[in-house]
Amino acid sequence: MKPSFEKTQLENILDHSPDIIFTMSPDGTIKYVNRTFSEVLGYSPEEIIGRSVLDLLDTKEAFDSCMKILKEKHFCPDQEVFFKTKKGNRIRVIKKVKGIQDKDGKIKEIVVNARDLAYLDILKEKLEDYAEHLEFLIEDRTKELRKIKTFLEDVISSMPDMLVVIDNNDEIVLLNKAASKMSKNNGDFLNKIFIYTQGKEISLKDFIKRFDKEKIFKTFNCFYKKNSEKIPMFIVISPLTHEKKPTGFIFILKDISELKIKEEKLTLYKTIFENTLDAIGIIDREGKYVDQNRSNEELLGYSIDEIKGRHFSEILRIKNPEDVWKRLKKEGRLRFVATITNRKGEERYLDIVALSVKDETGEDRYYVGIKRDITDLIKREKQLEELNRQLKKRLYTDPLTNLPNRLKLLEDLKNVGSPKLAILNIDDFKEINDFYGYKVGDFVLKTIGNRLKDLLSEKNLQVYKLSGDEFAVLSIRYMQSSEFEKIIYNAIYSIQENPVVYGDYEIHLSFTAGIALENHNIINKADMALKYAKENKKPVVSYSEKLQMKELYETNILITKKIKEALKNEKVTVYYQPIFDNKTGKAEKYESLVRIVDIDGSIILPAEFLEISKKARLYPEIAKKVIQKAFSDFKDLPYQFSINLSVKDIENREITDLIFEYLNRPEYKGRVIFEILESEGMENYDEVSGFIKEVKNLGGMISLDDFGAGYSNFEYILKLDVDYIKIDSSLIKNIHTDIYSQIIVETIVGFAQKLGIRTIAEFVHNEDVFDMVKNLGIDYSQGFYLGKPQPFDKLFN
């Protein structure tokens, strides 16, 4: 039977349907079948079209009941029936039947759609198998999800940052461990969190009401208010949504207190870096500049943009940059002084510290150069060297004869291994001054000095002019004692045989000499020999032990006994001499001077007992008595007071501990000055420097005493950080008449003023000296002309 309509695209679709589809007329004649029909029932279209549908059915009742329903509803619902295949097999199907009406509403064609229930059974089995497999997968996946959930819960719980989730009603639905701890300790802590925004502080709850819920997340600086304390924090706010509807918020809060501290430190370091007077440049591991501070720019004359990426040797023009670079890489830290030329072509001296900055692996990442411009210091040191040279020459030279003086003799003795010394004295020289006058006397001294120099300088002998009418001769190379003595005899004889001629005067001279031929205490021994020669009317005497006088031993024993009795009976006392301000004329300070009260009430001066006390090892007890007495006497007085200390005092732990104990008391702060003897030298410099630093830390002050008495080194003043310089009496006592003393003192004062150090003149013994001291700009004066040392009870009467 030919189909009633042409095959269309719809038919092509029907052909590929998995269901059995066919059409029939109202009387049951089959008109169309799809491919599935043929494949399932075994009939080709040619075999089945035109036949009755009853050929496919077991009974006619199923057809009749369906047709009845179609007439009423034009649609027959699902119905289970059996179709017979071409081979006679029965298959169970479920069918749907639809009637197609004409324009008059009558059914003109019927469409049947049937599905093979055997396929559904297979599908059911497969679905059941799939469901079982799916159940297994779901269970397995659930376990994995539980593990992930547990892991995430552990991660969230162990987060150092606080995690909080709230719903749309601002109710907390999740807190991690850190947040729970905060909430437990501080109640509703969300009400205590305030966000910085637009220059204002807004509570978190108020802020989230206006937060744009469309945003994924946003970060803010905030703080947590704990009582009166504000703890800086950082917050991340993110809205939660479900099916594009907002459901709440998630917050992550981080305590950034330590970060703030580090940030403040970083800011501090940056400020220091930018503003420190030291020039700092930073280079990478290739030696190229990456940064510098303002001082570095000012020093070298290049901005950071000009030097960035350039090798340091192009900018920092130092000698042997390759050697410096190699050493820095090898050692990691260098300190050296370099001469550089800056952009302006100026030569500068730099004290440079270069060091490496390592990365996390321990490898060098950057190198930092810290440069201090010491050009002025170097120039000042050169000036100081010249000043020291001039001062040394003046201090070591007798201004009348231009010969080295007693101080130079003391220095030279330190460097001679086996010295021989002679001290020559012009006999009755006072009579020459009295008879011919001082002018002639000075001429005689200069002439004798020149003659001695001419006679002895080529024989490895050095001639010195001592005080008054004395000269000294020192062997500066080894020679036999007999040879030295013979030379001295010949020199004296030569001078005595040739009178000094001054105008029409012939002045005949005679000499007495004392010779010492061993190193220990050689000057005293030569003096002793000279004294013995004078007393015994002998021209030359060489020192021997036989010359030791019995009286000297007896005197030492007697003085030692007096010292012990004074210590035992509290007879070690302190006198105080006022120190006057040269501008105001008022006594502002008092120097503590030790005295011993003898049994008969007389006063023994330090010159008589101090050296003996050191040899008898009683000196430390005397020093402690002076310190205790001075601190006690001036405890409640509005004056400064000074105490003399030797280097040996500073090296004595008991004495320094006693000093520090007093200085720790507030009533003495800014009132105590310690006078350290410059003339003793500073062999133990580190200990002296440490003592001075501690004294100044406790509010005490330091004075360099007897400055100018020995080889005065200006470097001491710089190194020891002194507050006062006390100029020695040898430079002050004749300053009104001695031009050389004036020049030296003027140099000392000028140097001290530049450093802000105050000066004190001692031994101001008359009005002329006092006037000269003031004219030279010395700050303070001390001496018998202004005030003698007195016991404390008479000091302010």
Any F471 side-chain heavy atom under 4.5 Å of L403 side chain: yes
Criterion side chain to side chain contact (heavy atoms under 4.5 Å, CB included) on L658 and Q628, from CA distance to verdict: CA-CA 8 Å; L658 179 63; Q628 291 166 341; 3.9 Å; yes
Check: Q462 main-chain N/O paired with K459 side-chain donor or acceptor under 3.5 Å: no
Step by step, would you call D527 with N524 a side-chain hydrogen bond (donor to acceptor under 3.5 Å, both in side chains)? CA-CA 5 Å; D527 273 330; N524 286 341; over 6 Å; no
Closest contact, heavy atoms only, F484 versus V473: CZ-O, 3.7 Å
So, taking the atom named CD1 in I732 and the one named OG in S741, what distance separates them when rounded to the nearest 0.5 Å? 8.0 Å
Pick out which of Q782, E675, Q577 makes a side chain to side chain donor-acceptor pair (under 3.5 Å) with S642. E675
Hey, mind stepping through L618 and T560 against side chain to side chain contact (heavy atoms under 4.5 Å, CB included) and telling me if it holds? CA-CA 9 Å; L618 298 172; T560 301; 4.2 Å; yes
Any side-chain heavy-atom pair from Y436 and V444 closer than 4.5 angstrom? no
Verify, without hydrogens or angle tests, whether K586 (side chain) and D581 (backbone) share a donor-acceptor contact under 3.5 angstrom. no
Determine whether D649 and S646 satisfy the following criterion, side-chain hydrogen bond (donor to acceptor under 3.5 Å, both in side chains), listing intermediate values before the conclusion. CA-CA 5 Å; D649 292 327; S646 67; 3.2 Å; yes
Would the number of heavy atoms belonging to other residues, nucleotides or ligands and lying under 6.0 Å from NE2 of H520 be above 12? no
Closest non-hydrogen atoms of A472 and L421, given as atom of the first, atom of the second and distance, are CB-CD1, 4.2 Å
F443 and V500, any side-chain heavy atoms less than 4.5 Å apart: yes
Kindly indicate whether the side chain of V594, heavy atoms from C-beta on, has any atom under 4.5 Å from the side chain of Y575. no
Can you list the steps and then say if T512 with N425 is a side-chain hydrogen bond (donor to acceptor under 3.5 Å, both in side chains)? CA-CA 5 Å; T512 303; N425 179 260; 5.6 Å; no
Close side-chain approach of E762 and D706, heavy atoms under 4.5 Å: yes
Salt-bridge criterion met for K408 and E411 (N-O under 4.0 Å): no
For Y619, does the six-membered ring have the charged nitrogen or CZ of K614 within the cation-pi criterion, i.e. under 6.0 angstrom from the centroid and within 45° of the normal? yes
K534 and D427: CA distance, side-chain angles, deciding distance, salt bridge (Lys or Arg N to Asp or Glu O under 4.0 Å) verdict: CA-CA 9 Å; K534 286 275 189 184; D427 297 332; 2.8 Å; yes
Any carboxylate oxygen within less than 4.0 angstrom of a Lys/Arg side-chain nitrogen, looking at D738 and K733? no
Between the side chain of T401 and the main-chain N/O of K446, is any donor-acceptor distance below 3.5 Å? no
With a 6.0 Å cut-off (strictly less than), is the heavy-atom count around CD of E485, excluding the residue itself, greater than 12? yes
Where M701 and G670 come nearest, the two heavy atoms and their spacing: CE-O, 3.3 Å
Q496 side, atom CD; F511 side, atom CZ - distance, nearest 0.5 Å: 7.0 Å
Between N582 (side chain only) and I778 (backbone N and O only), is there a donor and an acceptor less than 3.5 Å apart? yes
Output yes when a side-chain donor or acceptor of N766 lies under 3.5 Å from a complementary backbone atom of V769, and no otherwise. yes
Distance from L720 atom CG to F691 atom CZ, nearest 0.5 Å? 11.5 Å
How long is the straight-line distance from CD1 of I523 back to CG of L413, given to the nearest 0.5 Å? 5.0 Å
Classify the side-chain pair D600/S602 by whether it contains a donor and acceptor separated by less than 3.5 Å. yes
Minimum-distance pair of heavy atoms, taken over all atoms of V574 and V626: CG2-CA, 3.9 Å
Given 3.5 Å as the limit, does a donor-acceptor pair link the side chain of N652 with the main chain of K648, or not? no
Do F784 and P789 have side-chain heavy atoms sitting under 4.5 Å apart? yes
Are any of the side-chain nitrogens in R406 or D398 under 4.0 Å away from the carboxylate oxygens of its partner? no
Angle class for the F796/F792 ring planes (parallel below 30°, perpendicular above 60°, tilted otherwise)? perpendicular
Minimum heavy-atom separation for I622 to S613, with atom names? CD1-CB, 3.7 Å
Is there a donor-acceptor contact under 3.5 Å linking the side chains of Y724 and K589? yes
Apply side chain to side chain contact (heavy atoms under 4.5 Å, CB included) to residues L409 and L466 and explain how you reach the verdict. CA-CA 9 Å; L409 172 60; L466 306 184; 4.2 Å; yes
Any donor-acceptor pair under 3.5 Å from N536 side chain to K538 backbone: no
Do E588 and Q640 have side chains that get closer than 4.5 Å, going by heavy atoms? no
A cation-pi test, strictly: NZ or CZ of K629 under 6.0 Å from the centre of the six-membered ring of F631 and no more than 45 degrees from its axis. Yes or no? no
In this structure, which one of Y662, Y668, Y576 forms a ring-ring contact (aromatic ring centres under 6.0 Å, His included) with F634? Y576
Sub-4.5 Å side-chain heavy-atom contact between L456 and I487: yes
Would D723 and K696 count as a salt bridge (Lys or Arg N to Asp or Glu O under 4.0 Å) if you check the C-alpha gap in whole Å, the side-chain angles of each, and the deciding distance to 0.1 Å? CA-CA 10 Å; D723 302 285; K696 293 176 81 70; 2.8 Å; yes
Just wondering, are more than 12 heavy atoms of other shown residues or ligands nearer than 6.0 Å to NZ in K453? no
Drop me the distance from I643's CD1 to I655's CD1, to the nearest 0.5 angstrom. 11.0 Å
Looking at P404 and V463, what are the two nearest heavy atoms and their distance? CG-O, 3.3 Å
Check the pair E591, K726 against salt bridge (Lys or Arg N to Asp or Glu O under 4.0 Å), reporting the backbone distance first and the verdict last. CA-CA 12 Å; E591 181 180 1; K726 182 174 276 190; 2.9 Å; yes
Polar side-chain atom of R671 near backbone of Y639 as donor-acceptor pair, under 3.5 Å: yes
With side-chain hydrogen bond (donor to acceptor under 3.5 Å, both in side chains) as the criterion, how do D412 and Y464 come out once you've worked through the C-alpha distance, each side chain's angles and the decisive distance to 0.1 Å? CA-CA 11 Å; D412 288 348; Y464 302 84; 2.6 Å; yes
Under-4.0 Å salt bridge between K562 and D598: yes
